[in-house]
Amino acid sequence: QRQMCIRDREDDVVSVNTQLYQVSGYCKLNGVNASDDARITFFDKDSSSTCAVNEMEDGKLTGKLSWENGSSFTDFDTNMWQISLRMEEPYYSGRVAGLGKDGSFEVKDILFGTYDVMVYSEYSNAYVKVGTITIDSKTKSRDFVISGYAVHVKMVDSDGNPMKGEQFSFVNTEDETDTKYFCTNTEGEAYLIVSKPGTYKAMLRKESYGTVTVTDKNVSAILRKSEP
């Protein structure tokens, strides 16, 4: 028995009565054979079990991150840094991995395709693109260089107590359109990356917590709430 099901969009659902028969054939989208990486999944309507055919291929990426400004990852807690791979077309796919103390990384289970490679701190929305890479084999190795400057801050109130779980803005005093945001962890700390040297002010709503000056290296500072 043969049944043809043609669908015009992704994630469409069809009913196929397999009984005890083997199911085979081609995946068609708008009547055209889909690419080899198309994924077909059969769902058992009476249970949560699934069966995927023509599984997509994936690979692994290893390498090391370094700073263009010559700073070292060992200066900071790399547990708060991550590397992210993102692909938007022909479908969205993303993978995230942590960093070793020397900036090394290993990203697993990456679906074949071309990705933007991003670096960020989990407590900041300041993503920095460090390159692109095509994953087309089971293993691949590539090193990346970060252009920019890491800023480590510890935010405390006027009594020196850590400001936990607060969202701050980080504003370039010479160009307020250059603004980033970060959230503090349970110790009142956060990491972010700025693209250029300058003086930056930390703000919690309308309250100032002082400034950090970035010159030619990564920088660390304790910022205290300014007295009214």
Side-chain angles (χ1 to χ4, degrees), residues 63-89 92 94-99 103 105 114-133 142-158 162-228:
K64 190 174 182 180
L65 286 167
S66 60
W67 294 94
E68 187 178 56
N69 65 42
S71 297
S72 171
F73 268 106
T74 57
D75 296 337
F76 295 144
D77 180 6
T78 53
N79 288 329
M80 296 178 68
W81 292 95
Q82 293 179 318
I83 185 168
S84 170
L85 272 63
R86 292 181 177 181
M87 177 174 64
E88 301 292 341
E89 298 292 343
Y92 174 79
R95 289 292 184 270
V96 175
L99 300 181
F105 60 83
T114 299
Y115 292 81
D116 288 333
V117 183
M118 318 288 286
V119 178
Y120 70 102
S121 166
E122 62 179 301
Y123 291 96
S124 165
N125 67 349
Y127 286 78
V128 174
K129 182 177 177 179
V130 295
T132 60
I133 191 167
R142 177 81 59 82
D143 296 337
F144 296 95
V145 177
I146 307 169
S147 297
Y149 306 86
V151 180
H152 166 232
V153 291
K154 181 169 184 176
M155 312 302 298
V156 298
D157 62 21
S158 54
M163 298 290 294
K164 306 175 183 179
E166 296 284 359
Q167 179 172 311
F168 289 81
S169 58
F170 201 66
V171 186
N172 188 328
T173 58
E174 296 181 357
D175 178 11
E176 293 198 352
T177 63
D178 182 13
T179 298
K180 296 179 171 55
Y181 300 90
F182 63 86
C183 291
T184 54
N185 63 11
T186 56
E187 302 298 324
E189 296 181 272
Y191 290 81
L192 66 157
I193 299 173
V194 296
S195 60
K196 55 189 176 183
T199 299
Y200 295 81
K201 60 182 178 181
M203 303 290 294
L204 178 60
R205 293 176 285 276
K206 295 183 178 181
E207 296 179 335
S208 173
Y209 278 73
T211 62
V212 176
T213 298
V214 178
T215 54
D216 61 343
K217 297 288 184 181
N218 296 348
V219 63
S220 181
I222 297 176
L223 298 181
R224 184 186 298 266
K225 179 180 178 181
S226 302
E227 295 294 339

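Hydrogens, waters and symmetry mates are skipped; everything else that's a heavy atom, side chains included, is used.
- Closest of all the heavy-atom pairs between Ser158 and Arg224 is O-NH1, 3.2 Å.
- The shortest distance between side-chain heavy atoms of Val151 and Tyr200 does not fall below 4.5 Å.
- Taking every heavy atom of both residues into account, Ala150 and Asn218 meet most closely at N-OD1, 2.9 Å.
- More than 12 heavy atoms of other residues, nucleotides or ligands shown are found within 6.0 angstrom of CG on Leu204.
- Taking CZ of Arg95 as the start and CG of Leu85 as the end, the distance is 9.5 Å to the nearest 0.5 Å.
- Donor-acceptor pairing under 3.5 Å is recorded for the side chains of Ser147 and Glu68.
- For Gly148 against Trp67, the heavy-atom pair with the smallest separation is O-CE3, 3.7 Å.
- Considering only residues two or more places apart in sequence or on other chains, Thr114 meets the side chain to side chain donor-acceptor pair (under 3.5 Å) condition with Thr134.
- Once rounded to the nearest 0.5 Å, the distance linking CG of Leu65 with CD of Gln82 reads 12.0 Å.
- Atom OH of residue Tyr149 and atom OG1 of residue Thr215 lie 8.0 Å apart, to the nearest 0.5 angstrom.
- Using a 4.5 Å cut-off on side-chain heavy atoms (C-beta onward), Asn69 and Asp216 make no contact.
- Below 30°, between 30° and 60°, or above 60°: for His152 and Tyr191 the angle between ring planes is below 30°, a parallel geometry.
- To the nearest 0.5 Å, atom NZ of residue Lys154 and atom CG of residue Asn185 are 9.0 Å apart.
- Lys196 has its side chain within reach of Asn172: a pair of non-hydrogen atoms, C-beta onward, lies under 4.5 Å apart.
- Scanning all heavy atoms of the two residues, the minimum distance from Thr179 to Val171 falls at OG1-CG1, 3.6 Å.
- Looking at every heavy atom in both residues, Arg142 comes nearest to Ile133 through CB-CD1, 3.8 Å.
- Residues satisfying the ring-ring contact (aromatic ring centres under 6.0 Å, His included) criterion with Tyr209, sequence neighbours excluded, are Phe168.
- Here the closest heavy-atom approach between residue Asp116 and residue Lys129 is recorded as OD1-NZ, 3.2 Å.
- In this structure, Met203 and Ser208 have side chains that are in contact, with non-hydrogen atoms separated by less than 4.5 Å.
- In this structure, the separation between CE on Met118 and CD1 on Ile83 is 10.5 Å, given to the nearest 0.5 Å.
- Using a 4.5 Å heavy-atom cutoff, the side chains of Glu176 and Lys201 are in contact.
- Proximity of a side-chain donor or acceptor of Thr211 to a complementary backbone N or O of Thr199 within less than 3.5 Å is not detected.
- The distance from the CZ atom of Phe105 to the CG atom of Leu99 is 8.0 Å, given to the nearest 0.5 Å.
- Remark: the backbone N or O of Met163 is paired with a side-chain donor or acceptor of Thr184 at under 3.5 angstrom.
- Counted within 6.0 Å of NZ on Lys217, heavy atoms from surrounding residues, nucleotides or ligands total more than 12; the atom is thus considered enclosed.
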